[in-house]
Amino acid sequence: MTAPGVHLHLPDDHHVVMDNGTLQVTLSVPDGIVTGITYNGVDNLLEVLNDETNRGYWDVVWSSTGTTGTTGTFERLICTTYKVILETDDRIELSFSRTWDVSFQDELIPLNIDKRFIMLKGSSGFYSYAIYEHLEGWPGFNLDETRIAFKLRKDKFHYMAMADNRQRYMPLPDDRLPDRGQPLAYPEAVLLVNPIEPEFKGEVDDKYQYSCEDKDLKVHGWICMDPSLGFWIIIPSDEFRSGGPLKQNLTSHVGPTALSVFLSAHYAGEDLVPKFGQGEPWKKVFGPVFIYLNSVTSGEDPLTLWEDAKKQMLMEVQSWPFSFPASEDFPSSSQRGNISGRLLVLDRYFKDDKISASGAYVGLAPPGEAGSWQRECKVIQENIKTQSVLENYLEFVFCSTISTVDVNQDYQFWTRADEEGNYVISNIRAGDYNLYAYVPGFIGDYKYNIKITITSGCSIEMDDLVFEPPRNGPTLWEIGIPDRSAREFYIPDPDPKYVNKLFINHPDRFRQYGLWERYADLYPNGDIVFTIGESDYKKEWFFVQVTRKTDEKTYQGTTWQIKFKLDNVDQNDIYTLRLALASAAQAELQVRVNDNSSTNTPLFSSGVIGKDNAIARHGIHGLYWLFNVDLQGTILIEGENTIYLTQANATSPFQGIIPTKEQIRVVIDNGIFQLRLTNPGGKIIGIQYNGIENLLELNNPILNGGFWDLNWSVPGTSGTRGKFDEIECNSFKVIVETEEQIELSFTRTWDPSLQGDQSPLTIDIRYIILRDSPGFYSYAIYEHKENMPAFNLNETRIAFMLSIEKFRYMAMADDRQRLMPLPEDRVPPRGKELAYPEAVQLVDPVEPEFKGEVDDKYQYSCENKDNKVHGFICLDPPVGFWQITPSNEFRTGGPIKQDLTSHVNPTTLAMFMSTHYGGQDFVTQFVSGEQWKKVFGPVFIYLNSVADKNDTLSLWDDVKERMHKEVDCWPYSFASSEDFPKADQRGAIRGRLLVNDRCISKEYLSAKGAFVGLAPPGNAGSFQRECKGYQFWTNSDDDGYFSIQNVRPGDYNLYAWVPGFIGDYKYEKSIAITAASDVDIGELMYEPLRSGPTLWEIGIPDRSAAEFYIPDPDPQYINKLYINQPETGLDSTDYGRDMQIYIQIKIWYLQLEVVTIKKIGSMLRKVGDKAYKPTTWQIKFNLESIDHNGSYTLRIALSSATSSILEVRVNEEEANPPHFSSGLIGSDNAIARHGVHGLYWLFNVEVAAGQLFQGENIIYLKQARSVSALNGIMYDYIRLETPPLSAMYY
């Protein structure tokens, strides 16, 4: 019987159906989401209870350039264009695409996306693939993960299968929820305490238990028992996956969910995060993968569906590369090439002759160093420091070698050699490659050093290749099997409380939960002692060297011993210890020989390495590491020797064995506190005070202790994000050492070899401790020299990560202090991310009092003028940790620039430069060779304490007093750098500022409370966007008098703005400040912008929207600190309530009625889940007559703008073009960041008399851009003026 053809149906305007008579696949238009799959009498195999966008979809996780770690923004790929590529009786191919442009900066991943779906005649399934493209000129970013995911019906699919011996009935997703499930050491692992089906009670469910190596990950999926049908994902090729054949990825798991993961950091960490540079062109095709559906008739065994799926998988593999995809980016078989050859091994200490590389893994991958393929995912990556290790193999031989690892890009093609070492790799995409290999049974990696070029239709026969594994002498002893796995070592039974029944008596017994904790159970009183010739590694070498748990949150390193005898030792020779690791997760491996004294510097340290997390994720390997340690004969003895292997990094249970150079430390103690710093890194790793061993947190997954950092990017980068650089110095020097003072310098120099990898700055970080001082000072000198390239400096700061256990109470003002949530409250499932990652709703916090609140670090921002002191209090013992910033001279943007202070973690910051509340206007851009130097700080880190716990909060009052003392001492006399001028090297200026506004007063007015400052020369108002120089500000008194003291020598302009008046003042003459100068500038006159008398006005011209109507927050999203606060700003979701509240207030002014909506700002109206439309506000007013002798002037002052367009129309709501348009303005993001102002904007709109009517008039203010919920403006003040000198209003 002839199979029916393939057809397209359009059931409505928003869906399309592919139908071949066997199944029907429904996709949303133009989104490209699979919303329904109808098959075998089931109307939809996908979860109908989910939103349509959460059924079958492609997604990515991405982050901005410079972001560290492996997490980022999760984004389902929603497309905007739908196109039928091919429609015949035999085949349909659909395209759903999305084109990126700069308006999506920071909102959507900067890629062009083309998702394809194919259905064939007579096929029981459909195919999907996607083409991702990054074009020249586009911003850089990190691609942490991408995949296609299907969420199946939980009432249908209960049986999961991924291998002959890895299939089972699965729990329900409800079983993982609170009351039924109990989260364990991390959110993915859940103990089922009260599952719906009792058979699962007591089991552990974790999606990582079902991970699989790419070489074996060809088919997996789910079986529905009634009716009997299967849903399978078939991956016919690994060419588009990263990390080589042993890279592990997720498959299917409780949901029921089925995935095809193309890129991920699982079992590898940040090494496998592709990082794209600014403007870097790149394109890659992921897939096609095949979604296969099968069924059996009633009475047949449903489990035979697995056997059928395996057969179909083999057919798909044999058909690769598919002939039917229409994209030119997917080459057909005839457009590809082949390579074949033979690999031999030469190890003369094993056998004199060459031997066949039986079972070798042989592959083509992008050019790089030997072994680089396992970290290959896209672009060259930086070295990443981390913690934990699985041993793979230990060998002790005579002598040593060293190898390096690099990372490169794109497709890989792998095969296994036969018993004779012969290999064939077929269907290789055209391109340049290196040939790589590794041989089970031998350590190290092979690379054929000549680049191999594959062309269309080529068939290359290689000569015999010979791999010579690292070897310097015969083997004295060895432990394990060199196979890049720890499988051969002792793997314990799990704790009976934490089992997965599938893995009881299973070859993959390592997939049980909690095996890391079994080490302490098996070795309660000491660590492993392994004696060569007596011990059996299968029984006595634990498969992972982990930390030992000493109490609830404390761990200690472990030291394993290898004892061996030597009959003879040649002390003039060098022996070689080779250590091959199968995994490392934030670990440090130290090697000592015959002396394990803690004062004995290790002979070798790997440094903190690895982040593959294989221990927690039930893996038996992650990334492969090989270390070669030279041992001088003089340290060995005839008779018994002992090698000590110490896993020294001990901050979590998931850290295993791995070496790291022991950090040399600088310790300073003044009798009140002790400060510990790394040498020469200059990072603060310890502050001991008042009985607390360390006020700092050293156990965070990423950032720990105290440090200076910056964020930078290459020239041409748009946006405000770049590379994060936690500054690690490379030179240490004692500048001052007396009984009264110590000053230390940690410097980092730059040279051209670091271009693109490190910010082109010379950096000198200083720390000062004074005698009898309860705290220390820090400042830094940044210098860009004549020979240095261009770059952008986005942010710099000093940061402290405080002890999570100790510091819970935060204070930054008398009315802005509170007990803070815990950092774990922000992490799923305790926290739920809201509109952006910083804002998190606490849904299940550790302490119930925080439940329902929103936590966001931007809720604790502060203006520079008020940002003098903030920090945290430890309640037991009562101790305070405070950042005091005694001057604003080194900060950017003027007195009302806002910035971060302290927030949950607990973290406390001194921000010197940032783009917060200003956006790209605050990115400091340096051209090549531009000479620049700036001193940031000093800031003071103040510690205080009280004896009585009842007086704990008095620590805040004490630090305020101390802050005033520090301000009075500015500039400090003790900072030794010549770049920090003392008081006698500075100057001063004084004068008086008056205001002349004839329409308000015929007399000059005193500029009461004016902000008056010196800043680098520029235009009026340029100070608020100025980033490179120093600024000095004050407020005038009631009579307009001002005095600015302690100004650094230099040329400045004098700027001012006066609350109550619009616009900016600038004194046109340049002012030169010299050492000890005292400039009396006399009386200055500010004439605010004015054309004629005021007809009406709205608001107060104070550069803030605080006077306008600010609604109560949605009760779902509150921060209790700001309930009934006088200046609440925006709570976490006020921007989403824009048009829910209309407050109309009648304002009578000069007998003119003005009707306005008195709200904080103009935002968007939400019209769908992700759709918005512009809003138009109306100002209605009456005019008794019109003056036709001139034009009226509408002055609009904005206190904030975020990617907005303000359009003004007068009495014509649909006028096109509008009477005025601001164009696209602003990126200060004050709406999202809970501010009532960002940068100040002033627009002067000429309104012709002919546009106005006698009687009622309407001005329409439209915020016309509607890409995001956070596009909007805040008004400061609006005023309509008559024509100049209009007699009508005098």
Side-chain angles (χ1 to χ4, degrees), residues 85-86 91 93 95 114 116 118 120 123 127-133 146 214-215 217-219 234-245 247 260 262-263 274 281-290 312-343 360-368 372-373 376-378 408-418 422-437 447-448 450-463 465:
I85 301 295
L86 186 70
R91 177 175 26 141
E93 181 164 345
S95 166
D114 185 355
R116 301 290 183 96
I118 300 171
L120 304 180
S123 174
Y127 299 83
S128 186
Y129 66 108
I131 307 157
Y132 293 4
E133 185 173 20
T146 190
D214 281 352
K215 66 182 177 63
L217 209 178
K218 301 296 186 187
V219 58
I234 294 176
I235 305 101
S237 171
D238 292 333
E239 69 177 50
F240 41 77
R241 295 199 281 215
S242 59
K247 169 70 170 71
S260 178
F262 304 109
L263 284 172
W282 173 83
K283 182 187 283 190
K284 189 166 184 177
V285 178
F286 295 104
V289 297
F290 183 43
Q312 185 68 36
M313 177 269 291
L314 293 174
M315 293 172 59
E316 300 297 327
V317 170
Q318 291 165 5
S319 299
W320 187 269
F322 299 136
S323 59
F324 45 79
S327 172
E328 295 180 353
D329 295 307
F330 184 78
S332 64
S333 181
S334 63
Q335 296 171 305
R336 297 173 178 239
N338 306 313
I339 190 170
S340 60
R342 186 184 186 205
L343 181 66
Y361 290 82
V362 185
L364 294 189
S372 62
W373 53 268
E376 190 282 312
C377 51
K378 160 60 203 53
N408 240 279
Q409 60 187 28
D410 289 323
Y411 302 94
Q412 297 195 23
F413 303 85
W414 287 86
T415 192
R416 294 290 300 269
D418 65 16
N422 297 306
Y423 61 88
V424 177
I425 307 175
S426 302
N427 294 308
I428 307 163
R429 284 173 166 260
D432 292 332
Y433 299 89
N434 277 144
L435 185 144
Y436 303 93
K447 171 193 168 186
Y448 181 62
I450 299 174
K451 188 185 295 182
I452 294 171
T453 299
I454 300 294
T455 58
S456 177
C458 74
S459 184
I460 299 173
E461 280 194 44
M462 302 286 290
D463 294 333
L465 305 177

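Note that the numbering runs from 1 along the sequence shown for the chain. What you are looking at is a predicted structure, and each value in this text was computed from that prediction instead of being measured.
- Tyr433 and Trp414 have their aromatic ring centers separated by at least 6.0 angstrom.
- Side-chain rings of Phe286 and Phe240 stay apart, their centers remaining 6.0 Å or farther from each other.
- The distance from atom CG of Leu263 to atom OG1 of Thr146, rounded to the nearest 0.5 Å, is 6.5 Å.
- For the atom pair Arg91 CZ and Ser123 OG, the distance stands at 12.5 Å (nearest 0.5 Å).
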Give the intermediate values and the outcome of side chain to side chain contact (heavy atoms under 4.5 Å, CB included) for residues Leu465 and Leu435. CA-CA 10 Å; Leu465 305 177; Leu435 185 144; 3.8 Å; yes

Begin with the C-alpha distance, continue with both residues' side-chain angles, and end with the deciding distance and a verdict on side chain to side chain contact (heavy atoms under 4.5 Å, CB included) for Val362 and Arg416. CA-CA 6 Å; Val362 185; Arg416 294 290 300 269; over 6 Å; no

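- The distance from the CD1 atom of Ile428 to the OG1 atom of Thr455 is 10.5 Å, given to the nearest 0.5 Å.
- Between Ser260 and Val289 the shortest heavy-atom distance is OG-CG1, 3.6 Å.
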Evaluate the side chain to side chain donor-acceptor pair (under 3.5 Å) criterion for residues Glu316 and Tyr127: first the C-alpha distance (whole Å), next the side-chain angles of each, then the deciding distance (0.1 Å), finally the verdict. CA-CA 11 Å; Glu316 300 297 327; Tyr127 299 83; 3.0 Å; yes

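- Between Val424 and Thr415, the closest side-chain pair of non-hydrogen atoms is not below 4.5 Å.
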Derivation of the side chain to side chain contact (heavy atoms under 4.5 Å, CB included) call for Asn422 and Arg342: CA-CA 4 Å; Asn422 297 306; Arg342 186 184 186 205; 3.5 Å; yes

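- In terms of the side chain to side chain contact (heavy atoms under 4.5 Å, CB included) criterion, residue partners of Pro331 (sequence neighbours excluded) are, by chain and number, Gln335, Arg336, Arg429.
- Under the rule for a side-chain hydrogen bond (donor to acceptor under 3.5 Å, both in side chains), Tyr423 has no partner lying at least two apart in sequence or in another chain.
- Proximity of Pro274 to Trp282: side-chain heavy atoms (C-beta onward) are nowhere separated by under 4.5 Å.
- Of all the heavy atoms in Gly368 and Tyr436, the pair that sits closest is N-OH, 2.8 Å.
- Across all their heavy atoms, Gly363 and Ile425 have their closest contact at CA-CD1, 4.0 Å.
- Annotation: the span from Asp114 atom CG to Tyr132 atom OH amounts to 11.0 Å, rounded to 0.5 Å.
- Proximity of Ile118 to Phe324: side-chain heavy atoms (C-beta onward) are separated by under 4.5 Å at one or more points.
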Apply side chain to side chain donor-acceptor pair (under 3.5 Å) to Tyr129 and Glu93, showing your working. CA-CA 11 Å; Tyr129 66 108; Glu93 181 164 345; 2.5 Å; yes

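- Ile339 has its side chain within reach of Ile452: a pair of non-hydrogen atoms, C-beta onward, lies under 4.5 Å apart.
- Taking the side chain as every heavy atom from C-beta outward, Ser332 and Phe322 never approach each other to under 4.5 Å.
- The two atoms that bring Phe262 and Gly287 nearest to each other are CE2-N, 4.2 Å, heavy atoms only.
- The shortest side-chain heavy-atom distance between Phe413 and Ile454 does not fall under the 4.5 Å cut-off.
- For the residue pair Asn338/Ser459, the side-chain donor-acceptor check at 3.5 Å is not satisfied.
- Between Met313 and Phe290 the shortest side-chain heavy-atom distance does not fall below 4.5 Å.
- Rounded to the nearest 0.5 Å, atoms OG (Ser340) and CE (Met462) are 9.5 Å apart.
- Using modelled atom types and a 3.5 Å distance limit, the side chains of Gln412 and Glu239 yield no donor-acceptor pair.
- Taking all atoms of both residues into account, the shortest heavy-atom contact from Lys447 to Asn434 is CE-OD1, 3.3 Å.
- Applying the salt bridge (Lys or Arg N to Asp or Glu O under 4.0 Å) rule to Asp329 yields the partners Lys283; only residues at least two apart in sequence or on another chain are considered.
- Ser456 and Ala430 get closest at one heavy-atom pair: N-CB, 4.5 Å.
- Taking CD1 of Ile234 as the reference point, atom CG of Leu217 lies at 12.0 Å (rounded to 0.5 Å).
- A salt bridge links Asp214 with Arg241: at least one charged nitrogen is closer than 4.0 Å to a carboxylate oxygen.
- Of the possible donor and acceptor atoms, one in the side chain of Ser128 sits under 3.5 Å from a partner among the backbone N and O of Arg116.
- Side chains of Ile131 and Ser327 form a contact here, defined as non-hydrogen atoms less than 4.5 Å apart.
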